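Working notes for the structure below.
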Amino acid sequence: MIPSYAYQDIAYLIGSVSFVVGLKMMGQPDSARKGNLVAAFGMAVAVFAALFLNAQGFHIINNFPYIVAAIFLATVIGTMMAKKVQMTAMPEMVSLFNGMGGLSAALIAVIEFHHKTAEASGMSADGMITEFSMPVGVYLAIVSGLIIGTISFAGSVIAWGKLNGKIGDYRMPQQQIINAVVLAAIIALAVAHYGAINSGDFSMSYFYGIIGLAVVYGLIFVFPIGGADMPVVISLLNSFTGVAAATGGFLYHNKVMLMGGVLVGSAGTILTVVMCKAMNRSLLNVLIGMAGGGSGGSSSNSSGGSVREVQATDVAIMMKYASKVIIVPGYGLAVAQAQHVCHELENLLEEEGVDVKYAIHPVAGRMPGHMNVLLAESNVAYDKLVEMEHINSEFATTDVVLVVGANDVVNPAAKTDPDSPIYGMPILEVDQAKQIVVLKRSMKAGYAGVDNDLFYNPKCGMLFGDAKASITKLVNEVKAL
Amino acid sequence: MSDNPFAVIGQIIDFFEYQSIISLIYLVILMIFVGVELISHVPSVLHTPLMSGANAIHGVVLIGAIIVMGYIEPADYLSLALGTLAVFVGTLNVIGGFVVTDRMLEMFKKKPKGGAQ
């Protein structure tokens with residue numbers, strides 16, 4: 001028989017293992033969805049254990065009604081928010097939920113600190129203890145949970161606002177120095193705070209100071225970062241929240257919190273690095289906010305030529321009689337919600353015997369994999385979505401490339417112009433194809449703020465307009481032919 | 001060792017505390033490797049759902065919120081309010097994270113003409 005004191009540990013063990021197995025399964029397209037459910041199951045077991053089990057066996061936790069009410073309410077609201085959000089708005093939703101996790105970690109630290117000091121000051125008032133010392137490990141766990149959680153919360157909310165378009169980029173001069181000073185001030189305050197506690201000074205002013213500075217740090221950390229780099233920042237803040245959860249694991253010697261938190265902390269960091277690599281930027285570069293629109297703005301429009309505008313009819317004819325068409329989706333497709341009509345066009349061309357594929361740049365859209373999710377939503381077959389490394393060799397044998405609202409990821413300057421801010425970023429080499437058609441709303445530059453020589457290429461035609469409207473026109477034209 | 005029996009007990013507790021911390025540190029280091037290993041071989045198409053899934057998993061901070069609620073005095077209204085808020089936002093993180101991830105992954109179907117629409 002399993003002794004009853006082990007119930008809780010066993011439940012936490014099941015939770016921890018489920019997280020690892022779930023995350024592993026999420027790494028493969030076939031098992032990804034099941035993996036998410038496995039992790040969710042593990043979470044449910046762990047929450048059950050926290051509510052109904054303790055080191056003695058079954059025991060309903062104190063303040064149970066409050067807890068259950070909060071869980072119930074958040075379940076209803078969270079489900080509604082997650083179900084209602086548009087696919088295009090997924091990144092900001094993830095960011096918002098991430099911020100909630102950070103807030104939770106910070107609140108735990110606040111309560112925990114209040115609890116520890118109230119106990120100690122109560123005891124010293126009663127004359128039970130003459131001197132109080134908080135172990136440095138306990139203080140470190142509380143205060144780092146507070147700082148990291150707060151930074152993650154403040155940063156995530158800003159990231160959410162930026163992706164929403166509610167908050168613009170804002171950069172201060174000497175940004176790096178200010179960031180470093182604020183961070184140093186937080187650490188200095190924490191050291192002073194620890195000293196004050198151990199000399200019996202339980203005033204909360206240091207504590208509030210730390211919270212305030214952490215909020216400031218979270219804000220100025222995310223403010224200067226360009227919109228195109230947001231995915232990297234969200235991924236980084238995601239791993240921050242993981243670390244904040246892990247500090248709770250240390251505080252309570254709770255292994256499921258520790259394992260889950262560290263797992264996300266390390267996986268999130270690697271994911272961040274992988275994303276940076278896909279954009280050929282260093283993480284430092286992203287964080288300092290050296291993204292587009294900066295120094296190298298006055299990029300060369302060397303060819304000096306003019307763009308050639310084309311009509312939907314011509315494009316429709318070109319595609320219908322092509323043997324191979326590659327579609328390059330970008331953020332424009334997401335904004336215009338053109339994924340369904342794009343799939344319709346693909347079906348139509350396939351019926352005509354045209355080989356249609358999608359070329360997916362790792363950072364097309366606002367998040368890696370963003371395009372895959374969108375196109376999968378409109379039932380585009382998974383094997384039609386080809387990643388950059390595999391499709392680049394195919395452009396030379398392609399008749400028509402249809403660029404739908406993508407810009408920087410097809411900019412040849414990344415290969416040819418060492419002065420360009422995006423120089424070195426791997427791109428989709430669409431200029432190898434026989435014909436290129438770019439669907440775009442205007443001649444406005446992409447996120448990196450640089451001009452695109454591709455548009456002046458004689459092989460390239462521009463079809464101006466909203467992506468959805470343009471593709472709908474193309475569908476009708478192909479049908480009419 | 002010592003003539004005070006309580007000191008011995010204290011040492012034993014310290015010893016277990018120490019053992020416990022050490023095992024936690026082992027866990028941290030091993031989990032870092034596991035996390036790196038899990039993510040390194042993932043196709044970039046799954047990065048967004050994976051980030052979202054990881055986002056849901058760090059919602060495990062909810063466990064901490066529940067634990068801290070467990071020893072708040074019923075008369076300590078400020079702590080109760082903050083703790084309830086912590087449970088609330090922690091649950092939002094968990095539920096929202098898993099549901100959003102599920103919605104993303106629902107779309108990665110093997111057969112393009114799967115019926116659910």
Side-chain angles (χ1 to χ4, degrees), chain A residues 19 23-24 26-27 29 32-33 36 39-40 43 46 50 61-63 66-67 70-71 74-75 78-79 81-82 93-94 97-98 100-101 103-105 107-108 111 235 238 241-242 245 248 252-253 257-260 262-264 266-268 270-271 362 367-370 372-373 376-377 379 381, chain B residues 20 24 27-28 31-32 34-36 38-40 42 44-55 57-70 72 79-80 82-102 104-108 112-113:
Chain A
F19 291 161
L23 206 58
K24 170 81 190 156
M26 270 188 253
R33 196 174 179 199
N36 186 47
M43 188 70 78
I61 196 157
N62 299 334
N63 298 316
Y66 294 103
I67 301 175
I71 290 180
T75 303
T79 310
M81 283 165 78
M93 205 76 228
V94 172
F97 288 137
N98 181 46
M100 293 299 110
L103 178 61
S104 186
L107 285 171
I108 292 169
I111 300 164
S235 178
N238 196 22
T241 313
Y252 301 122
H253 289 211
M257 282 179 80
L258 191 75
M259 283 180 75
V262 175
L263 188 64
V264 175
S266 92
I270 291 300
L271 197 56
M367 289 181 123
H370 196 178
N372 300 73
V373 173
E377 185 194 14
N379 283 329
Chain B
S20 171
L24 291 184
L27 253 187
V28 168
M31 284 320 274
I32 289 174
V34 170
V36 171
L38 286 179
I39 301 300
S40 302
V42 168
S44 67
V45 302
L46 282 171
H47 281 169
T48 299
L50 205 64
M51 187 205 291
S52 176
N55 178 38
I57 289 176
H58 70 49
V60 74
V61 70
L62 169 62
I63 304 290
I66 294 173
I67 292 174
V68 82
M69 277 297 276
I72 294 173
S79 292
L80 271 183
L82 291 178
T84 307
L85 182 62
V87 172
F88 178 78
V89 292
T91 311
L92 265 188
N93 185 179
V94 172
I95 299 289
F98 281 122
V99 175
V100 162
T101 312
D102 190 59
M104 288 182 189
L105 292 171
E106 190 184 2
M107 292 154 187
F108 286 92
K113 302 211 160 48

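Here is the naming used below: chain letters follow the sequence lines, and residue numbers restart at 1 for every chain. Values in this document were obtained by computation on a predicted structure and should not be read as measured data.
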Note to self: Can you tell me which of B/Leu85, B/Val87, B/Ile57 forms the most heavy-atom pairs within a distance under 4.5 Å of chain A?
What the structure shows: B/Ile57
Checklist line | chain A contacts, top residue of B/Val34, B/Val94, B/Ile72 (heavy-atom pairs, under 4.5 Å) | finding: B/Ile72
Next item on the list: Could you look at B/Val68 and say if it's the side chain, the backbone, both or neither that has a heavy atom under 4.5 Å from chain A?
Entry: both
Check: For A/Tyr252, is it the side chain, the backbone, both or neither that has a heavy atom under 4.5 Å from a heavy atom of chain B?
Finding: side chain
Check: Are any side-chain N or O atoms of B/Thr91 and backbone N or O atoms of A/Ile71, one a donor and one an acceptor, separated by less than 3.5 Å?
Finding: no
Checklist line | Over all atoms of both residues, closest heavy-atom pair of B/Phe88 and A/Ala74 | finding: O-CB, 3.2 Å
Checklist line | Which portion of A/Leu258 sits near chain B, non-hydrogen atoms under 4.5 angstrom | finding: side chain
Next item on the list: Considering only heavy atoms and a distance below 4.5 Å, find which of B/Val60, B/Val100, B/Asn93 pairs most often with chain A.
Entry: B/Val60
Item checked: Closest-packed option against chain A by number of heavy-atom pairs under 4.5 Å, given B/Leu80, B/Leu50, B/Ile66 -> B/Ile66
Next item on the list: State which residues pass side-chain contact (heavy atoms from CB on, under 4.5 Å) with A/Ala40; sequence neighbours excluded, sorted by chain then number.
Entry: B/Phe98
Next item on the list: Could you tell me which non-hydrogen atom of A/Ala32 sits nearest to which non-hydrogen atom of A/Met26, and how far apart they are?
Entry: O-CG, 3.5 Å
Note to self: Just so I understand: if I count every heavy-atom pair under 4.5 Å between each of B/Ala86, B/Gly97, B/Gly83 and chain A, which residue has the most?
What the structure shows: B/Ala86
Next item on the list: Check whether any side-chain N or O of A/Asn238 sits under 3.5 Å from a backbone N or O of B/Met51 as a donor-acceptor pair, and report yes or no.
Entry: yes
Checklist line | Most chain A-contacting option - heavy-atom pairs closer than 4.5 Å, from B/Leu27, B/Leu62, B/Thr84 | finding: B/Leu27
Check: Which answer fits B/Leu38, side chain, backbone, both or neither, if we ask what part of it has an atom under 4.5 Å from a heavy atom of chain A?
Finding: side chain
Notebook entry, point to check: With B/Ser52, which residues qualify under side chain to side chain donor-acceptor pair (under 3.5 Å), at least two apart?
Noted result: B/Thr101
Check: Looking only at atom types and distance, does a side-chain atom of A/Asn63 sit under 3.5 Å from a main-chain N or O of B/Met69, one as donor and one as acceptor?
Finding: yes
